[in-house]
Amino acid sequence: MEDHSFYKGGDTTEEWIKVQESLKQKLVLEDCFAWTISSPDASSVENATEHNLKFIGGVDVSFLKDDPSMACAALVIVDAKTLDVVHEEFDLVRLQIPYFPGFLAFREAPILLDLLDKMKQSAHPFYPQILMVDGNGLLHPRGFGLACHLGVLVDLPTIGVGKNLHHVDGLTQSGVKKFLEAKENCDKDLICLVGRSGQVWGAAMRSIHCSTKPIYVSTGHRISLDSSIKVVKMCCRFRVPEPIRQADIRSRVFIQKLKGPSPMHK
DNA sequence: GCGACAG
DNA sequence: ATCTTGTCGC
Ligand SMILES: [Mg+2]
């Protein structure tokens with residue numbers, strides 16, 4: 001038995017905050033990409049130029065129940081038009097750092113970076129034009145969640161998608177829920193997340209019609225909130241956008257295969 | 001001191 | 001995040 005304990009002292013916290021503030025200097029919160037978001041309009045001729053958004057990446061990490069330090073990271077590439085998975089990349093690793101709210105990137109970013117690097121080094125033709133991340137971007141205590149962190153490190157446009165709200169600036173999940181349940185808002189599928197300070201942190205989105213539980217979209221890197229919302233919308237077959245959903249599903253399947261294949265179905 | 005706390 | 005089968009409903 002090895003010792004996987006990890007102690008995060010005040011020094012570590014201070015250090016990590018400095019890293020976040022430092023990397024945040026490079027953060028770009030507006031559209032900074034060459035391609036355009038193809039219209040969902042079917043009337044357009046197949047002008048699949050390279051100037052259109054074609055390949056969307058999704059990343060997620062799954063863990064072993066017994067040993068939460070063992071993880072499978074997945075990078076999935078999806079065709080922007082069909083949402084079909086055209087490529088997948090996995091890594092099984094032992095994570096050195098446990099999860100601390102507000103510091104998810106220090107746990108997950110390194111392995112996700114490796115996956116992106118694998119594709120980049122091999123000059124893979126499906127290397128993503130944008131990355132969707134399971135975790136917040138700007139919607140973060142210091143405005144620099146995993147999606148921002150990863151985006152800056154790989155220098156790709158990124159979008160943060162959370163399945164739960166990380167309470168920030170007076171925003172709460174119950175507050176959002178009440179707002180969505182209000183009769184005058186029953187037709188709204190998008191609400192802007194404005195904190196008590198007046199800052200816009202992202203948006204709560206009903207990705208599925210009539211859905212009670214929204215997803216939380218926030219800017220990662222090199223993209224505006226408006227564009228982020230457009231991309232997320234075109235990826236939502238179900239509540240969780242397809243690139244992230246597939247990365248989630250496939251990384252979990254990968255881990256279950258390790259625990260012993262059970263094809264014994266007489 | 002207490003509660004909150006992405007994945 | 002993970003432990004988990006069936007079940008109810010569109
Ligand atoms: Mg996940």
Side-chain angles (χ1 to χ4, degrees), chain A residues 4 6 8 13 16-17 20 24 58-75 91-113 115 131-151 158-177 193 195-196 201-221 228 232 237-241 243-256 258-259 262 265:
Chain A
H4 301 140
F6 181 92
K8 179 167 76 78
T13 302
W16 284 355
I17 290 177
Q20 290 178 327
K24 190 176 178 182
V59 289
D60 190 27
V61 182
S62 289
F63 305 88
L64 286 176
K65 62 169 184 179
D66 316 305
D67 185 357
S69 72
M70 282 307 294
C72 175
L75 164 62
D91 244 342
L92 188 65
V93 292
R94 185 177 292 287
L95 296 185
Q96 305 297 324
I97 297 167
Y99 167 66
F100 296 107
F103 301 97
L104 177 62
F106 294 87
R107 174 166 165 81
E108 298 192 352
I111 32 172
L112 297 178
L113 253 167
L115 291 180
L131 252 194
M132 301 191 56
V133 179
D134 185 19
N136 300 136
L138 194 70
L139 180 45
H140 174 276
R142 287 164 296 283
F144 199 74
L146 174 60
C148 300
H149 199 121
L150 197 55
T158 54
I159 299 172
V161 178
K163 297 180 287 293
N164 292 289
L165 180 64
H166 192 157
H167 294 192
V168 152
D169 196 14
L171 296 167
T172 67
Q173 206 151 354
S174 63
V176 171
K177 194 175 179 223
L193 294 173
R196 61 163 63 106
W201 296 89
M205 181 191 295
R206 283 179 150 132
S207 45
I208 294 299
H209 306 303
C210 308
S211 173
T212 310
K213 189 165 183 171
I215 57 175
Y216 301 89
V217 179
S218 61
T219 281
H221 181 49
S228 298
V232 169
R237 280 220 278 251
F238 304 101
R239 184 173 85 103
V240 175
I244 292 174
R245 182 170 167 270
Q246 287 300 330
D248 177 89
I249 292 172
R250 290 165 190 242
S251 60
R252 229 196 311 277
V253 167
F254 191 98
I255 274 193
Q256 285 176 357
L258 298 176
K259 311 186 71 174
S262 51
H265 284 309

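All chains are named by letter (A, B, ...) in the order of the sequence lines, taking the proteins before the strands, and each is independently numbered beginning at 1. In what follows, every heavy atom counts, from backbone to side chain, and hydrogens, waters and symmetry copies are set aside.
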(Q) Only Watson-Crick and G-U wobble pairs with both distances less than 3.5 Å should count. Give DNA chain C in dot-bracket notation, marking inter-strand partners with |. (A) ..........
Q. Rounded to whole angstroms, how far apart are CG on A:Leu104 and P on B:dA4?
A. 21 Å
Q) Within the structure, does a side-chain N or O atom of A:Tyr99 lie under 4.0 Å from either OP1 or OP2 of B:dA6? A) yes
Q.
Please pick, from C:dT4, B:dC5, B:dG7, the nucleotide with the shortest atom-to-atom distance to any side-chain atom of A:Arg107.
A. B:dG7
**Q.** N/O donor-acceptor pair under 3.5 Å between A:Thr158 side chain and A:Ala147 backbone
**A.** yes
Q.
Quick check on B:dG7: is either OP1 or OP2 less than 4.0 Å from any side-chain nitrogen or oxygen of A:Asn164?
A. yes
Q: Figure out the CG/P separation between A:Leu165 and B:dG3, and round it to whole Å.
A: 20 Å
Q. How does DNA chain B look in dot-bracket form if you count Watson-Crick and G-U pairs under 3.5 Å, write [ ] for pairs that cross, and put | where a base pairs with another strand?
A. .......
Q) Just by modelled atom types, is the A:Gly202 backbone N or O under 3.5 Å from a matching donor or acceptor in the A:Ser218 side chain? A) no
Q. Angle class for the A:Phe106/A:His149 ring planes (parallel below 30°, perpendicular above 60°, tilted otherwise)?
A. perpendicular
Q.
Over all strands shown, is A:Gly145 touching base, sugar-phosphate only, or nothing at heavy-atom distances under 4.0 angstrom?
A. base
Q: Give one of base, sugar-phosphate or nothing for A:Phe103, where a contact means two heavy atoms less than 4.0 Å apart.
A: base
Q: Report which part of the nucleic acid A:Ser62 touches: base, sugar-phosphate, or nothing (heavy-atom distance under 4.0 Å, all strands).
A: sugar-phosphate
Q. Nearest to the side chain of A:Lys163 - B:dC5, C:dA1, C:dT2?
A. C:dA1
Q: Give the rounded distance in Å between these two atoms: NZ of A:Lys8 and P of B:dG7.
A: 18 Å
Q | Closest non-hydrogen atom pair, A:Asp169 against A:Gly195 | A | OD2-CA, 3.1 Å
(Q) Keeping A:His140 on the side-chain end and A:Gly102 on the backbone end, is there a donor-acceptor pair under 3.5 Å? (A) yes
**Q.** Separation of atom CD in A:Gln173 from atom C1' in B:dA6, rounded to whole Å
**A.** 10 Å
Q. Just by distance, do the side chain of A:Glu108 and the backbone of A:Tyr99 share a donor-acceptor pair under 3.5 Å?
A. no
Q: Using a heavy-atom cut-off of under 4.0 Å over every strand shown, decide if A:Asp134 touches base, sugar-phosphate, or nothing.
A: sugar-phosphate
**Q.** Gap between atoms CG and P, on A:Leu138 and B:dA6 respectively (whole Å)
**A.** 17 Å
Q) For A:Ser62 and A:Arg252, does a side-chain donor sit closer than 3.5 Å to a side-chain acceptor? A) no
Q | Sugar-phosphate, base or nothing in reach of A:Gly160, heavy atoms under 4.0 Å | A | nothing
Q) At under 4.0 Å, does any side-chain N or O of A:His140 touch on OP1 or OP2 of B:dA6? A) no
Q: Could you tell me whether a side-chain N or O of A:Arg206 sits under 3.5 Å from a main-chain N or O of A:Pro214, the two making a donor and an acceptor?
A: no
Q.
Output the rounded distance in Å from OH (A:Tyr216) to C1' (B:dG7).
A. 15 Å
Q. When we call it a touch if two heavy atoms are under 4.0 Å apart, what does A:Leu146 touch: a base, just sugar-phosphate, or nothing?
A. base
**Q.** Nearest-angstrom distance from the residue atom NE2 of A:His209 to P of C:dC10
**A.** 17 Å
Q) Once you round it to whole Å, what is the distance between P of B:dG7 and NE2 of A:His149? A) 17 Å
Q: Could you check A:Leu165, A:Val232, A:Ile244 and say which one makes a side chain to side chain contact (heavy atoms under 4.5 Å, CB included) with A:Ile215?
A: A:Val232
**Q.** Residue A:Lys163 excluded, over 12 heavy atoms near NZ under 6.0 Å
**A.** yes
Q | Sugar-phosphate only, base, or nothing, as touched by A:Asp60 at under 4.0 Å among non-hydrogen atoms | A | sugar-phosphate
